[in-house]
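Below is one structure, written out as structure tokens; comments come after it.
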Amino acid sequence: MRKVFVRVFFLFYLGTWATTARSDIVISRVDRRIDLTSHFVRVLSTLKVENAGRNVVSEILLAIPNMQAKNLANLKAFYNEGKGKGSAINLPVSEVYPEGMPHELTFHTLSLTEGLEKGKSLSVNVLTIFTHSLQPFPEEISQADAQLVVYQDSAYYLSPYVVKSQSLNVLLPGGRVESYTKHPSGKLVDSEIKYGPYEKLPPFSYSAIVIHFENNNPFVVAQELVREIEISHWGSIQVTEHYNLAHKGATNKGGFSRLDYQSRSYMGGRSSLRQLIARLPPRAHSIYYRDDIGNISTSHLWGDSRKTQLEIEPRFPIFGGWRTSFTIGYGLPLQDFLFISEGNRFLNITFGCPMDEVVIDNLIVKVVLPEGSKEVSVLVPFHTKQWHETKYSHLDLIGRPVIVLKKTNVVPEHNTYFQVHYKFNNLSLHREPLLLISGFFFLFVACIAYMHADLSISKFSASYIAKLQWDEVQATVQRIQNVIKRCLSAHEKLETSLQDLSRTGDFQSCKATRKLADGLFKELSKELKPLLCFLQSSPQAAQILPKLDAGKESGK
Ligand SMILES: *[C@@H]1O[C@H](CO)[C@@H](O)[C@H](O)[C@H]1NC(C)=O
Ligand SMILES: *[C@@H]1O[C@H](CO)[C@@H](O)[C@H](O)[C@H]1NC(C)=O
């Protein structure tokens with residue numbers, strides 16, 4: 001195990017730099033507190049800075065080893081106004097590259113706006129937050145194991161200045177402490193390791209410490225989070241967040257047993273991710289939580305006038321090395337986040353992830369403005385990469401302006417408000433409804449025109465006439481068939497009367513029947529004549545005429 005530690009150790013010899021360090025400033029006291037209770041490393045240092053030189057000092061340098069600086073997510077310096085608990089005032093911080101300093105270190109400078117006069121001192125708090133700085137060791141654990149991690153730092157406050165007096169407290173989450181560096185003067189009290197006090201150390205003093213301890217927090221890392229904030233001037237802001245999460249703690253080995261997980265909770269995945277709590281703004285509505293498969297119903301929602309909380313439970317617990325991706329979405333009332341100042345509109349909304357304890361490697365925030373917005377500008381309290389895009393949805397003609405902000409290594413402290421200012425002409429607001437109304441209007445007009453046109457054309461169209469003619473032909477054929485039927489029945493009657501004559505010899509009645517039949521035949525042939533004439537004149541009847549002639553022959 002020690003061997004592994006040695007591999008990741010970084011030690012550098014800085015003694016030679018001590019002589020070149022600036023001497024105007026002396027740090028009379030440093031109290032450092034490193035909080036390792038989560039999977040973030042939060043270091044709060046309280047420095048008492050003294051101007052021991054003859055000139056006014058306007059900046060203070062902070063040194064961070066490059067190994068740590070690459071994981072630096074946030075650096076904030078502030079002091080309390082007046083004595084005691086005044087309001088905190090932030091000091092501007094920027095990265096600098098002073099000459100003649102060791103290359104193993106990254107420097108930041110705190111600007112003192114009013115300057116520090118000779119002989120005066122100032123108390124400054126510096127909060128630094130590091131991600132990905134706790135290394136799981138061992139790297140693989142089984143479901144029943146606790147997660148152990150290693151943290152490395154220096155027992156001394158690394159500074160380009162002389163430090164007269166200092167102490168360090170390291171706060172652990174509780175549970176087992178495998179080992180910790182005891183030299184110089186480290187001691188474990190409850191869940192806290194205390195180093196110091198150390199007196200009068202030269203600039204760049206460094207003494208490596210390694211702490212190996214139990215930390216069962218799920219190391220939730222969003223490798224990518226895309227937040228889309230879409231403004232509709234019709235009363236709502238729609239927020240959609242696509243998460244791509246991984247558990248970056250010790251990887252799970254030997255598979256997953258749901259039986260152990262559920263029945264023996266002390267056995268099961270102490271460091272697994274079971275749930276996340278999203279703190280949404282009050283009056284959030286239409287909240288959903290879904291993944292590729294569909295809606296996830298194992299989420300709970302509760303809230304009051306100050307907040308809305310969404311408890312998210314993944315479909316399965318996420319162990320080290322596992323991933324999950326899902327989407328949450330919600331609507332927000334427009335009047336809570338969109339304001340008007342000097343004729344311009346501005347959105348004032350939070351930047352980061354609504355869930356605590358999530359490290360975001362890549363955060364992309366897209367603000368979709370209403371179509372027709374102009375002169376867009378963004379105010380974010382930290383550095384982000386920015387560019388513009390255009391989004392098209394229904395009824396968009398020129399598309400909606402989208403401002404995209406990208407930031408890497410985002411921690412909960414970045415979940416602060418940012419503003420997007422833009423100009424918007426109210427006429428544009430009515431463009432879409434007008435578009436809809438005029439669209440429907442033209443649709444109806446077109447429909448009416450079409451119906452009318454269709455009727456008037458069809459009355460005279462060739463096909464319509466042909467159909468009428470064909471109907472007439474059919475009716476005529478029907479009538480001819482009737483005539484033939486009546487003719488046939490008259491024949492039948494005549495025949496029966498002839499048979500009666502041969503049996504009874506009643507000549508009179510037979511004669512009467514014959515007379516009746518002759519009259520009927522004459523009448524029928526009169527009726528038939530115009531019908532046949534019509535058929536002969538009609539071009540459509542040409543093909544059926546021969547059949548009719550045949551029928552007529554047989555009828556005779
Ligand atoms: C998912 O949930 C949303 C919001 O509750 C609902 O509108 C939608 O119909 C649901 N979809 C399915 C497939 O259940
Ligand atoms: C944005 O909103 C927050 C919370 O309501 C408020 O504290 C802050 O002052 C607002 N910022 C601006 C620029 O209006």
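Whatever order the structure lists them in is the order used to number ligands and atoms, beginning at 1.
A salt bridge is defined here as a Lys NZ or Arg NE, NH1 or NH2 lying under 4.0 Å from an Asp or Glu carboxylate O, and Glu375 with Lys423 meets this definition.
When side chains are defined from C-beta on, Leu168 does not count as touching Lys194, because their heavy atoms never get closer than 4.5 Å. Here the side chains of Asp361 and Thr131 are not in contact, with every heavy-atom distance at 4.5 Å or above.
Side chain to side chain, Ser45 and Arg32 fail the donor-acceptor criterion of an N or O pair below 3.5 Å.
A distance of 8.0 Å separates CG of Leu44 from CZ of Arg33, quoted to the nearest 0.5 Å.
Residues of the protein with a heavy atom under 4.0 Å from ligand 2 are Phe346, Asn348, Tyr417, Gln419, listed by chain and number.
Ring centroid separation for the pair Tyr206 and Tyr156 does not come in under the 6.0 Å cut-off.
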